[in-house]
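Atoms within each ligand, like the ligands themselves, are counted from 1 in listed order.
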Amino acid sequence: MAFYSKEYDLFLGVTESFCHLCRNKDRLVSAHMVTHGKEVWLRKFCLDCGESWAMISHDYEYYKKCNDYLKKPDLPECSLTPIKRGCPFDCGVCPQHQNHPCLALFNIIDECNMKCNICYHNSEPGSGNYRSMDDVKKMNETLLKVESAPDLIQVTGGEPSIHPQIIEILKYLKSGPVRHLMMNTNGIRISEDESFVKELKGIGKGFEIYLQFDSLEETALKRLRNANVKRIREQALAMLDKYNISTTLVCVIEKWLNDDEIPKLIEYATKWKCVRGIVFQPIQDVGRNMSTGDFRISLSEIREKIITDQNTAFTEADMIPLPCDPHKICVGYAIKHDGKILPVTGKIPREMITEQKGTIAFEQDRNFINTVIDTVSLDTAFGENIINKESVKRKLFFCWPEFLAPENMDYENVFRIVIMEFSDIYNFDTTNIKRECNFMIEPELAIPFSTYNMELTRSCGK
Ligand code: SF4
Ligand code: SF4
C-alpha cells in the first residue's frame with residue numbers, strides 16, 4: 001500500500017471524500033488537500049485501496065481567490081431530516097447544511113425521448129414515472145418550507161416537455177412566489193411543435209428555457225448524446241428566437257472532446273437574440289456516465305480556456321467565484337447589444353459582490369446591473385451625486401465609444417457565462433458539499449443535487 005507518498009508541495013488541510021478506486025459510497029475516506037506544482041489535489045486514503053489522487057483545480061492562484069470570495073452563509077429556513085449518520089448521509093436537508101436553495105430542481109418525469117450516454121438520471125424511453133400535479137404541489141410545499149421566497153425553480157426530468165401536463169405545471173409554479181422559472185430541455189419538442197412554443201411564450205416574463213447544447217460538432221454530440229442533434233438544436237433556437245423566449249445554453253464539457261470548442265460556443269451563443277447566457281458543466285462521473293476519470297476537466301481549466309482566448313472578451317477579472325459556493329461556481333456578466341459583448345464583472349469591487357444576496361437567480365440581474373452602473377460611474381469619476389440611472393448609463397457607455405448603449409437596457413441585454421461544477425466520487429469533499437445551492441426537491445425532501453445524483457440519498461428509487 002502506497003500510503004504517505006511525498007509527491008506534494010503544500011499541505012492545505014484535511015477533508016473527507018470517497019475512494020474512486022473501490023467506489024464504495026457507503027464509507028467516507030480521509031483526504032488531504034495538497035498542491036502539486038500549480039495544481040490542487042485531493043489525496044485520499046482508503047483502508048482497502050491505499051492512496052489515490054483526484055485533481056480539483058489546475059490553478060492554485062484561482063483556488064486561493066475562491067476563498068477570498070466566501071460570504072456569510074444564507075441558511076435554509078428549516079431542516080427536513082435529522083442528523084443521524086452525519087454528512088453526506090443525512091441529506092434532505094439536514095441541520096448541518098450551510099446554504100439555501102438558490103436553484104430548486106423539480107423532477108416531474110423520468111421518461112425521456114433520448115438516451116444520452118452521459119445522462120445523470122439514467123433516463124430513456126420507457127423510464128416513465130410521470131409526476132402528478134399533486135406530487136408537484138407537494139414538492140412546492142416542501143420547497144416553501146425551506147425557502148419561502150425561492151429565487152429560481154428549474155423543472156427537469158427526464159424530458160419535462162413530454163409530460164402531458166407540462167404547461168399546467170409551469171403555470172402553477174409561476175403563480176407562486178418564485179422569481180424565475182426555467183424548463184430544462186433537450187429541445188426536441190421545441191424544435192418541432194410551434195403551438196407548444198406559443199404556449200411557452202404565454203408563461204410570460206420570468207420564464208426561461210435551459211437548452212441542452214454541448215457542441216457544434218457531430219462527433220462530440222454523438223459521444224455525449226448518442227445522436228447527432230445539431231439540426232434539432234438549431235431548429236429549437238430558431239423557434240425560441242422567433243418568439244424571443246429567454247434561453248440559456250447548457251454545455252457539458254469533456255476533456256479532449258469539446259473543451260477546445262468553448263470560445264466558439266460563447267461566440268455562437270451571443271449571436272442569438274434570445275440567448276441570455278451559456279453554462280458550462282464539467283462532465284461528472286454519475287448516472288450512465290461512469291468511467292475511469294480520463295475525461296475529467298476542472299472548473300479552473302474551463303475558466304482558463306475562456307479568459308485566455310482573445311475572441312471571448314472575458315478577462316481574468318471578468319470570471320469570478322460566486323460568493324455562495326465559490327469553489328464550485330464561477331460567473332462572468334456582460335452587457336450584450338447589437339451582437340457585441342461588454343464584460344462588466346471585472347469593474348465591480350469584490351466587497352460589493354460578496355455583500356450581494358448570494359444567488360445565481362437571474363431575476364436579480366437588474367440589481368446587479370444597477371450595481372455595475374453605479375460602480376463604473378464612480379470608477380470613471382462621473383461624480384457621487386448621480387441619481388439618474390439613464391444618465392449614468394449614457395456616461396458608462398461613453399467610456400466605450402465602440403459599444404453603443406442599448407436604448408432601454410433590460411434583461412435582454414444581459415449575457416452571462418457560468419461554470420458550474422458538481423461533486424462526484426472523484427472530487428467529493430464534505431466541506432464543499434455543505435455549500436451546494438442546487439437542490440433536487442422531492443415531495444418530502446430537499447436534497448443537494450450532487451448527493452442526489454451520487455445516489456447517496458435517493459428516495460425515488462432509481
Ligand atoms: S450534504 Fe448537506 S444536507 Fe446532505 S448531509 Fe451534508 S450537510 Fe446535510
Ligand atoms: S440527459 Fe436529458 S435528454 Fe439525455 S437522456 Fe437524460 S434526461 Fe434525456
- State whether E218 and R223 are salt-bridged, where the test is any N-O pair (Lys NZ or Arg NE/NH1/NH2 against Asp/Glu carboxylate O) under 4.0 Å. no
Got a salt bridge between E217 and K230, using NZ or NE/NH1/NH2 to carboxylate O under 4.0 Å? no
Taking N99 for the side chain and P73 for the main chain, is one N or O donor matched with an acceptor at less than 3.5 Å?
no
Please check if any side-chain donor atom of [X] sits under 3.5 Å from a side-chain acceptor atom of [Y], or the reverse.
| X | Y | answer |
| --- | --- | --- |
| S123 | D110 | no |
| W41 | E39 | yes |
| D151 | H180 | no |

- 4.5 Å side-chain heavy-atom contact, D214 and E261: no
Within a strict 4.5 Å, meaning less than it, do heavy atoms of the R233 and R225 side chains meet? yes
Given a cut-off of 2.8 Å, the protein N, O or S atoms lying below it from atom 4 (Fe) of ligand 1 are C91 SG
If we number the atoms of ligand 2 from 1 as shown, the ones under 4.0 Å from a heavy atom of G158 are 7 (S)
Aromatic centroids of F422 and F449 separated by under 6.0 Å: yes
Shell check on atom 4 (Fe) of ligand 2: protein N, O or S atoms less than 2.8 Å away are C116 SG
Under 6.0 Å from the six-membered ring centre of Y60 and within 45° of its axis: does the NZ or CZ of K64 meet both?
-> yes
